[in-house]
Amino acid sequence: MSFEHPNRNNETMRDVELDIMSRPPEHNTTNLDLDRMNLMLDLLGHPEQSFRVIHVTGTNGKGSTARMAEAICRAYGMRTGLYTSPHLERINERICIDGQQLSDDDFIDIWDQTKDLVALVDAKMEEQGKPKMSFFEVLTAMAIWKFADAPVDVAIVEVGMGGAWDATNVINADAAIIGPVDMDHMQWLGDTVEKIAGEKVGIIKPGCTAIIGPQPHEEAVMPIIEDAAARNHATLVRDGYEMTVSDRMPAVGGQVATLTTPNGTYEGVPIAKFGEHQAHNALAALAAAEVVIPVNGPLDGDLVAEALSSVKIPGRIEQIRTSPTIILDGGHNVNAAEALRKAIEESYDFKQLVGVVAMMRDKQVEEYLGVLEPILSSVVVTENSWRDRVMSADDLEKIAVDVFGRDRVIKEPNLPDAIQTAVNMVDAEDELGVGYGHGVLICGSFVTAGDARTMLEEHASPTMKQAMNIHQPVVDPDDSDDSNADDDAADTLDDQISPDDFDVFDVLGLGKSGLGGNANDTDADGTDQAAGQ
């Protein structure tokens, strides 16, 4: 508690998260309007008018594009606000100021400042027979208020779902980015790409610059986008026309490409992510940054390179381990699976790649698995921590067997068991014990990626941390907090731990007996992630 963070009700972060995430989801056909958000902004005094805005939608690539745009703006000295969803591990991830997620104290304080107004909106909606604010609307209002309070120069805001009726669409974009439009969230957005595009073009506002990524259904989607741009007198910047990616080639840790925008050409730009789609995301981010950064002509190429070479995008084709290689990806639809497959084929040379897959039951599961089938030697089907929406391991197994064949599918309902099984399969084939050419891909949902990331990165036991230090290519020179005993243990590590000693239960810091029936139930429930996984 402090003057800056009074925490008047002495709430914990867990209390606040439960307060917010226990609210109704945005997946509710009775709240397809902006009435609650508009009333909330009236009560707040319209803080959204105090900063410039980059608004990002699209079926895939929203989070990556938003983070890249934020990094470029920040490299130019602008104070930035970033609002993304879903969160992988902690709800604080959704709201960032100058590239740093809110501290627990900051997050509690913003909730403390806004919750009475949320209650007023809820009461007004009840009078009108309408639903109260959803958790996503509350988080969006908190982000907008925090951005104005900071204050930021520019806010980069990722749409939660769709566009027209999304809670974020109370802002007016200076630059509206529409990434690839494909089939996803059909229950709410429509069952054709034309209907889905009609929702997403809702973020194109009068006089803005509409930046359009490559469209897999260009003939169906582009007329809808062009009509919305013309109707709003928006400047249209299209990938493949007014802006292009060229001379792209893989590089260590990502790729290098030449990016051409309406303002100029940027040669040999390093992009710290794998996959052709990430080069196009970087292009869209650069074009949007050009709109909001107060510079005439092209931006400084060195600053652009510095920004794009340092962007970290958790859960998007993210390699978090070597020996064996473990990759996380939260993509959950066919377009995301195609991008993932292309990136792995281009950037890795796997002799064996074992998939660990848990998906939501409302996704195109068979189609998703079918895209990945050629690159996976086998698949371990499992479940993530979102019990309300996750497809059961039994049902996922049936679909996987149809796609992969019986002999390539293993069922492990608990995610820690599934990861351990996949690693054991890889180790059994790794004769040299160094992990080259052998890997594990954990994918199918952002909840799956977040659960796995928590297990494998944040809660590693001291023994596991030491073991991984043998194989990690990057060592933090500032990581000097270990005790002398730990240093002594590290000196003789080669005699104590082999590369095959990977145990996911060690990573969790728990024994198998301590996990009970379901390891994923530890401090996780169906309310700790946003929809759209």
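Computed over heavy atoms, backbone and side chain alike; hydrogens, waters and symmetry mates excluded. Because the structure is a prediction, the values reported are computed rather than measured.
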Discussion item. Please check if the number of heavy atoms outside Glu126 that lie under 6.0 Å from its CD is greater than 12.
Written reply: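 No, not enclosed.
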Practice prompt. Take Asp362 and Arg389, measure what salt bridge (charged side-chain N to carboxylate O under 4.0 Å, His left out) needs, and give me the verdict at the end.
Written response: CA-CA 8 Å; Asp362 56 359; Arg389 288 181 57 209; 2.9 Å; yes
Provide the full list of salt bridge (Lys or Arg N to Asp or Glu O under 4.0 Å) pairs with a residue in [range], sequence neighbours left out, each pair given once.
range: residues 70-79; answer: Glu70-Arg74, Arg79-Asp98
range: residues 440-450; answer: none
range: residues 148-165; answer: none

Item to complete: Would you name the heavy atoms of Ile317 and Ala339 that are closest together and state the gap between them?
Response: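 Where Ile317 meets Ala339 most closely, the heavy atoms are CD1-O, 4.4 Å.
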Item to complete: Identify the heavy atoms of Thr57 and Gly162 that sit nearest to each other, and give their distance.
Response: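 That closest heavy-atom pairing would be OG1-O, 2.7 Å.
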Worksheet entry | side chain to side chain donor-acceptor pair (under 3.5 Å) assessment of Asn335 paired with Thr59 | CA-CA 8 Å; Asn335 184 266; Thr59 301; over 6 Å; no
Worksheet item: When you check the side-chain N and O atoms of Asp104 and Asn92, is any donor under 3.5 Å from an acceptor?
Response: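 Per modelled atom types, Asp104 and Asn92 side chains form a pair under 3.5 Å.
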Worksheet entry | Distance-only donor-acceptor check, side chains Asn281 and Lys273, under 3.5 Å |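 Result is no, nothing qualifies.
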Worksheet item: Step by step, would you call Glu137 with Arg23 a salt bridge (charged side-chain N to carboxylate O under 4.0 Å, His left out)?
Response: CA-CA 10 Å; Glu137 288 173 326; Arg23 287 179 160 270; over 6 Å; no
Practice prompt. Could you check Lys124, Lys132, Lys130 and say which one makes a salt bridge (Lys or Arg N to Asp or Glu O under 4.0 Å) with Asp35?
Written response: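 Result: among Lys124, Lys132, Lys130, Lys130 is the only option passing the salt bridge (Lys or Arg N to Asp or Glu O under 4.0 Å) with Asp35.
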Worksheet item: What distance separates Ile419 CD1 from Ile442 CD1, expressed to the nearest 0.5 Å?
Response: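 Reported to 0.5 Å precision, the distance equals 4.0 Å.
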Worksheet entry | Salt-bridge criterion met for Asp174 and Lys205 (N-O under 4.0 Å) |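 A salt bridge is absent here (no side-chain N lies under 4.0 Å from a carboxylate O).
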